Amino acid sequence: ALVKAQREFLLEDLSWTSSADLVAAAEENLAVQYAEKESFHAINVEQTFKDLTLCIDLAQLALTAAGKRQCSGLILSIAASYQEVVFECVGQSCRTVDICLESLRIHKLMK
């Protein structure tokens, strides 16, 4: 079933100029669904992103509750570090998407 799904995954049908092409190719594609199931079977991606978003909200709540207490500096440091990590992750994700798109464009040109 996987081999058949991979054969039906036509790389030539898209221009591969934006992440929207990746989304369009992945939607309802059995090869992609299989890869996601095998690679991320233990991760609930939607819930993970909700939890990550909740983290910064909780840090902000803790900072507000701390007011001018001594612990507010530590909370602020944690929130700033967390935001830096998220910023780096977003940047790395964008670079990964760009590399994927470039490799798909090259693959399309070589066919």
Side-chain angles (χ1 to χ4, degrees):
L2 175 61
V3 174
K4 181 178 183 249
Q6 288 172 332
R7 278 195 308 266
E8 293 172 0
F9 188 58
L10 302 175
L11 296 175
E12 294 79 20
D13 291 349
L14 297 166
S15 62
W16 305 111
T17 56
S18 72
S19 59
D21 287 334
L22 290 174
V23 172
E27 285 180 347
E28 300 180 26
N29 183 287
L30 295 177
V32 173
Q33 290 172 9
Y34 180 82
E36 286 177 347
K37 183 179 178 186
E38 290 300 307
S39 299
F40 304 109
H41 65 276
I43 300 172
N44 180 333
V45 176
E46 186 175 337
Q47 186 60 49
T48 299
F49 277 96
K50 285 180 183 177
D51 292 346
L52 290 171
T53 302
L54 182 60
C55 285
I56 197 61
D57 293 340
L58 292 173
Q60 185 61 47
L61 181 64
L63 185 60
T64 301
K68 295 184 180 196
R69 293 186 187 100
Q70 187 175 2
C71 62
S72 65
L74 182 57
I75 295 168
L76 186 58
S77 174
I78 291 168
S81 294
Y82 182 78
Q83 286 179 328
E84 287 177 27
V85 167
V86 170
F87 178 78
E88 288 298 319
C89 288
V90 168
Q92 187 60 45
S93 294
C94 289
R95 286 188 289 279
T96 300
V97 167
D98 289 344
I99 290 167
C100 288
L101 289 170
E102 183 63 20
S103 66
L104 289 165
R105 277 192 295 272
I106 290 169
H107 178 80
K108 182 179 177 180
L109 291 172
M110 292 176 65
K111 284 230 161 198

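In this chain, numbering begins with 1 at the start of the sequence shown. Model, not experiment: these values are computed from the prediction.
With sequence neighbours excluded, the residues that form a side chain to side chain contact (heavy atoms under 4.5 Å, CB included) with Ser72 are Leu63, Ala66. Residues satisfying the salt bridge (Lys or Arg N to Asp or Glu O under 4.0 Å) test with Glu46, not counting sequence neighbours, are Lys50.
Shown here for Glu88 and Arg95, the closest heavy-atom pair between the two residues is O-NH2, 4.3 Å. Considering every non-hydrogen atom in both Ser19 and Leu101, the closest pair reads N-CD1, 3.8 Å.
Heavy-atom neighbours of Gln70 CD from other residues, nucleotides or ligands within 6.0 Å: at or below the threshold of 12.
A chain of hydrophobic side-chain contacts below 4.5 Å, direct or via other Ile, Leu, Val, Met, Phe, Trp or Tyr residues, connects Phe49 to Ile43.
Inter-residue side-chain proximity for Glu102 and Asp98 is flagged as unmet; no heavy-atom pair is nearer than 4.5 Å. Taking 4.5 Å as the limit, every side-chain heavy atom of Val86 sits out of range of all side-chain heavy atoms of Leu52.
The line from CG of Leu76 to SG of Cys71 is 11.5 Å long, rounded to the nearest 0.5 Å. Interatomic distance, Leu58 CG to Asp51 CG, rounded to the nearest 0.5 Å: 10.0 Å. Here Cys100 contributes atom SG and Arg105 contributes atom CZ; the two are 11.0 Å apart, rounded to the nearest 0.5 Å.
In the hydrophobic clustering, where aliphatic and aromatic side chains (Ile, Leu, Val, Met, Phe, Trp, Tyr) are joined below 4.5 Å either directly or transitively, Val85 stands alone.
No donor-acceptor pair closer than 3.5 Å links the side chain of Tyr82 to the backbone N or O of Ala59. Side-chain atoms of Thr64 come within 3.5 Å of backbone atoms of Gln60 as a donor-acceptor pair (strictly under, hydrogens ignored).
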